[in-house]
Amino acid sequence: MSNISKGVGLFPTEPVGAIREYVQLAEGLGYDNVWFGDSQNIWRESGITMGAAAVGTERIVFGTGVTNAVTRHRSLLASQWATLAEFTGGRVALGIGTGDSSLRTMGLKPLKLAELEHAIEELRTLFRGESVKEASSGADFHLNYLTEPTPIPIYIAASAPKILEMSGRVADGVIVLVGTAPQFIEGALKQIEKGAKASGRTLADLRIVLWTPTAIQEDPKEARDLVRAHVSRVVIRPLPAEIDPELQDAVDRIRQSYDYYHHMDTEADHADLVPDTLVDLFALAGTPAECRERVKQIHAMGVDQISIVPFVRPGQSKTETITQFAEICASLG
């Protein structure tokens with residue numbers, strides 16, 4: 001089995017110093033990417049956190065998991081990423097989506113797919129050093145300090161069939177949030193491949209990152225409890241494969257009660273509505289041996305990277321989970 005590419009998703013719920021320590025640990029353990037959550041009302045500022053965490057690193061790639069083009073105007077996004085690329089020597093991956101908790105917490109609606117595609121086109125134009133037009137004023141603007149084109153890979157976060165297909169058509173990579181069960185991963189890859197073919201490409205031309213909530217514990221019940229909140233986040237969206245009808249009532253209750261101000265909070269009330277069956281479909285959670293078998297299964301399906309979102313109890317360190325996942329991957333590689 002070839003080496004497993006590893007990523008870790010970090011949400012700035014802790015002070016920047018703690019996040020820096022996780023990044024340094026991840027780089028030392030051979031992680032390829034670190035992805036930062038961007039939701040200004042519930043987490044610390046992602047841009048400042050990424051810049052601070054990049055200091056002293058040499059290899060690991062910095063990305064967002066994910067940002068949006070509403071709370072962050074495309075001129076701001078382009079300048080932020082061109083600057084981070086300059087500082088890190090190009091170790092960046094701009095992860096973007098239609099907008100989730102960063103918008104929902106303010107009563108704003110996510111972008112339509114056509115709007116997201118247009119924003120990505122404009123970002124690429126700005127990264128080339130060219131001008132784009134501000135829709136509201138009609139004024140042209142560009143990044144005045146760029147002396148040469150700055151190619152920055154753009155990854156789209158996707159769960160639903162339509163955005164998975166669009167990602168295959170326009171993105172450099174896809175952050176896939178569909179769970180860990182084979183039927184959902186296979187369904188996602190089929191949609192991405194469909195989009196890739198429409199643009200004259202294949203799956204091999206994109207980088208596929210499987211994003212999974214993760215808790216590795218000797219007590220499997222504790223592990224499952226830790227990821228229930230993130231599982232609820234996944235199942236409230238359309239998915240590329242059908243959920244067992246017997247689970248639909250649980251999914252409907254989660255959708256009705258989901259609170260975006262407790263987005264991915266292990267203590268959220270909506271987490272209590274997630275049964276074990278859904279956890280096993282949509283997370284990497286259990287004993288080290290159970291997680292090893294699931295990682296082996298996922299890797300065999302052809303994703304380019306497994307990126308964990310480590311979950312622990314409030315106040316606990318994520319160090320052990322980050323380390324355990326690296327050890328699991330090493331044992332399979």
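Hydrogens, waters and symmetry mates are skipped; everything else that's a heavy atom, side chains included, is used.
- Residues V309 and H230 are in side-chain contact: their nearest non-hydrogen atoms beyond the backbone lie under 4.5 Å apart.
- Under the side-chain contact (heavy atoms from CB on, under 4.5 Å) criterion, A54 pairs with T57, F62, F87, T88, not counting sequence neighbours.
- Counting only heavy atoms from C-beta outward, the side chains of F282 and P213 never approach each other to under 4.5 Å.
- Here the side chain of T67 pairs no donor or acceptor atom with the backbone of T64 at under 3.5 angstrom.
- Residues meeting the salt bridge (Lys or Arg N to Asp or Glu O under 4.0 Å) test with K197, sequence neighbours left out: none.
- When side chains are defined from C-beta on, V176 does not count as touching V303, because their heavy atoms never get closer than 4.5 Å.
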Salt bridge (charged side-chain N to carboxylate O under 4.0 Å, His left out) for D38 and R72? Distances and angles first, verdict last. CA-CA 10 Å; D38 179 16; R72 297 192 185 277; 2.7 Å; yes
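- Put simply, the side chain of R44 gets close to the backbone of T13: a donor and an acceptor are under 3.5 Å apart.
- With sequence neighbours excluded, the residues satisfying side-chain contact (heavy atoms from CB on, under 4.5 Å) with T180 are T212, R294, I298.
- Listed for the S39 side chain is no donor-acceptor partner under 3.5 Å among the backbone atoms of N41.
- Residues meeting the side-chain hydrogen bond (donor to acceptor under 3.5 Å, both in side chains) test with K6, sequence neighbours left out: none.
- With contacts defined as side-chain heavy-atom distances shorter than 4.5 Å, the pair L84/Q80 does not qualify.
- Other members of the hydrophobic cluster containing Y145, listed by chain and number, are L143, L146; membership follows side-chain contacts under 4.5 Å among ILVMFWY residues, whether direct or relayed.
- For Q248, the side-chain hydrogen bond (donor to acceptor under 3.5 Å, both in side chains) partners are D252, not counting sequence neighbours.
- Side-chain contact of E14 with W43: a donor-acceptor pair under 3.5 Å is absent, judged by distance alone.
- A donor-acceptor pair is defined here as one N or O able to donate and one able to accept, closer than 3.5 Å; no such pair exists between the side chain of Y22 and the backbone of L10.
- Applying the salt bridge (Lys or Arg N to Asp or Glu O under 4.0 Å) test to residues at least two apart or on different chains, none of the pairs has a partner in residues 76-94.
- A side-chain donor-acceptor contact under 3.5 Å links Q316 to the backbone of R313.
- Between N68 and L111, the closest side-chain pair of non-hydrogen atoms is not below 4.5 Å.
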Atom pairs and distances, donor-acceptor, side-chain atoms in residues 153-171, under 3.5 Å, two or more places apart:
{"residue": "S159", "atom": "OG", "partner": "L177", "partner atom": "O", "Å": "2.7"}
{"residue": "S167", "atom": "OG", "partner": "I163", "partner atom": "O", "Å": "2.7"}
{"residue": "R169", "atom": "NH1", "partner": "E117", "partner atom": "OE2", "Å": "2.8"}
{"residue": "R169", "atom": "NH2", "partner": "E117", "partner atom": "OE1", "Å": "3.0"}

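- No donor-acceptor pair under 3.5 Å is formed between the side chain of R207 and the backbone N or O of I175.
- Evaluation of the salt bridge (Lys or Arg N to Asp or Glu O under 4.0 Å) rule for R224 yields D280, E290 as partners, not counting sequence neighbours.
- E122 places no side-chain N or O within 3.5 Å of a backbone atom of A119 that could act as its donor or acceptor partner.
- Pairs passing the salt bridge (Lys or Arg N to Asp or Glu O under 4.0 Å) check and including a residue from residues 240-249, sequence neighbours excluded, do not occur.
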Verdict with reasoning, F325 to T321, per side chain to side chain contact (heavy atoms under 4.5 Å, CB included): CA-CA 6 Å; F325 182 68; T321 305; 5.6 Å; no
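- Looking at L226 and Q217, their side chains come closer than 4.5 Å, going by heavy atoms from C-beta outward.
- Side-chain contact of Q305 with N33: a donor-acceptor pair under 3.5 Å is present, judged by distance alone.
- The aromatic rings of W211 and F11 lie perpendicular to each other, with more than 60° between the two planes, well past the 30° mark.
- Each salt bridge (Lys or Arg N to Asp or Glu O under 4.0 Å) pair with one or both residues in residues 123-150, not counting sequence neighbours, appears once here: R74-E134, R124-D172, R128-E130, K133-D140.
- Two residues are said to be in side-chain contact when any heavy atoms from C-beta on lie closer than 4.5 Å; F36 and V23 meet this criterion.
- Evaluation of the salt bridge (Lys or Arg N to Asp or Glu O under 4.0 Å) test over residues 319-328, restricted to residues two or more places apart or in two chains, returns none.
- Using a 4.5 Å heavy-atom threshold, the side chains of V274 and V279 count as touching.
- The main-chain N or O of R59 is found under 3.5 Å from a side-chain atom of E27 such that the two form a donor-acceptor pair.
- A side-chain donor-acceptor contact under 3.5 Å links E45 to the backbone of G47.
- S5 and D304 form no side-chain donor-acceptor contact under 3.5 Å, judged by distance and modelled atom types alone.
- Not one N or O on the side chain of S79 forms a donor-acceptor pair closer than 3.5 Å with the backbone of S75.
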